[in-house]
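Every heavy atom of this structure was used, including side-chain atoms; hydrogens, water molecules and symmetry mates were not. One is the number of the first residue; the rest follow in order along the sequence.
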Amino acid sequence: MIYIDNSQLKERAVNSDKAFHANIKDTTIEAVFLNGERIYDALYVDIEKGFLIKIKSDVTGKAVVVNNEIGHEILFGDVTIKYR
């Protein structure tokens, strides 16, 4: 498992209009898409760099837990955001 420096992600979300973090609320975001497919449970989105971090889920949609920690996955591609 990898560990992500969440503080740097939050800092980028605060200082950029191209990055968003779940803990830094933006009520104008309605949905997140990767290559045209809607993504649920995204924790961090960077539309400029083309990646997002989301909670990893199994085939039934339940969160994957490893060593009592929720697993995450990093996905790359064309990241877009639908605003309200």
S.K.: Do you reckon Leu52 sits in the same ILVMFWY cluster as Tyr83, going by side-chain contacts under 4.5 Å, direct or chained?
M.R.: yes
S.K.: If I compare all heavy atoms of Tyr44 with all of Ala19, which pair ends up nearest, and what's the gap?
M.R.: OH-CB, 3.4 Å
S.K.: Hey, could you give me the CZ/CG distance between Phe76 and Leu34, rounded to the nearest 0.5 Å?
M.R.: 10.5 Å
S.K.: Return the minimal non-hydrogen interatomic distance between Ala42 and Ala22, and the atom names on each side.
M.R.: O-CB, 4.2 Å
S.K.: If you look at every heavy atom in Ala63 and Ile55, which pair is closest and at what distance?
M.R.: CB-CG2, 3.8 Å
S.K.: In terms of heavy-atom contacts, does CD of Glu30 have more than 12 from other residues, nucleotides or ligands at under 6.0 Å?
M.R.: yes
S.K.: Locate the shortest heavy-atom distance separating Lys82 from Phe33; write the atom from each residue and the value.
M.R.: CB-CE1, 3.8 Å
S.K.: Between Ile53 and Leu9, is a side chain to side chain contact (heavy atoms under 4.5 Å, CB included) present by the stated rule, with each step listed?
M.R.: CA-CA 10 Å; Ile53 301 171; Leu9 297 176; 3.7 Å; yes
S.K.: How close do Ile29 and Arg84 get, heavy atom to heavy atom, and via which atoms?
M.R.: O-NH2, 3.4 Å
S.K.: Roughly how far, to the nearest 0.5 Å, is the NZ atom of Lys10 from the CG atom of Asn23?
M.R.: 4.5 Å
S.K.: Quick check on side-chain contact (heavy atoms from CB on, under 4.5 Å): which of Thr80, Val79, Asp78 does Asn35 satisfy it with?
M.R.: Asp78
S.K.: Among Lys18, Arg12, His21, which residue meets the side chain to side chain donor-acceptor pair (under 3.5 Å) test with Asp46?
M.R.: Arg12
S.K.: Val64 and side-chain contact (heavy atoms from CB on, under 4.5 Å): which single residue from Lys56, Glu69, Glu73 fits?
M.R.: Lys56
